[in-house]
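The structure appears below as structure tokens.
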Amino acid sequence: SMKILKPGLNLEPGKPKVFSCLECGCEFEADPEEYTTAFQYHTVSFYSACPNCKNMVCEDFSCADPELYQAYMPDV
């Protein structure tokens, strides 16, 4: 049977997210009030300002899960 060897990132709404800044290399965790979320074309995008260099950081994830899509876009 299938086993998870290393858990992936938590894509659930309202949970902290991990970001990696391509500008300065800072890796940081942002709470829900510190990032914004966008959902387009089955891609979830999280945006946050790097606490070190203030660069806008975006993490994109492909998402084909209908339940997760509904969690982010309840009016669709």
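- The side chain to side chain contact (heavy atoms under 4.5 Å, CB included) test applied to Glu27 returns Ser20, not counting sequence neighbours.
- When all heavy atoms are compared, the tightest approach of Glu34 to Glu29 is OE1-O, 4.4 Å.
- The structure places OG1 of Thr36 at 6.5 Å from CE of Met56, a figure rounded to the nearest 0.5 Å.
- Closest approach of Pro32 to Pro16, counting heavy atoms only: CD-N, 4.3 Å.
- Side-chain contact between Cys50 and Cys24 is present, with heavy atoms from C-beta onward closer than 4.5 Å.
- The aromatic rings of Phe46 and Tyr35 sit perpendicular, their planes meeting at an angle over 60°, well past the 30° parallel limit.
- Distance NZ/Lys17 to CD/Glu59: 11.5 Å, rounded to 0.5 Å.
- Proximity of a side-chain donor or acceptor of Ser48 to a complementary backbone N or O of Val57 within less than 3.5 Å is not detected.
- Among all heavy-atom pairs drawn from Tyr47 and Cys58, the shortest one is CE2-SG, 3.4 Å.
- Residues meeting the side chain to side chain donor-acceptor pair (under 3.5 Å) test with Asp60, sequence neighbours left out: Ser45.
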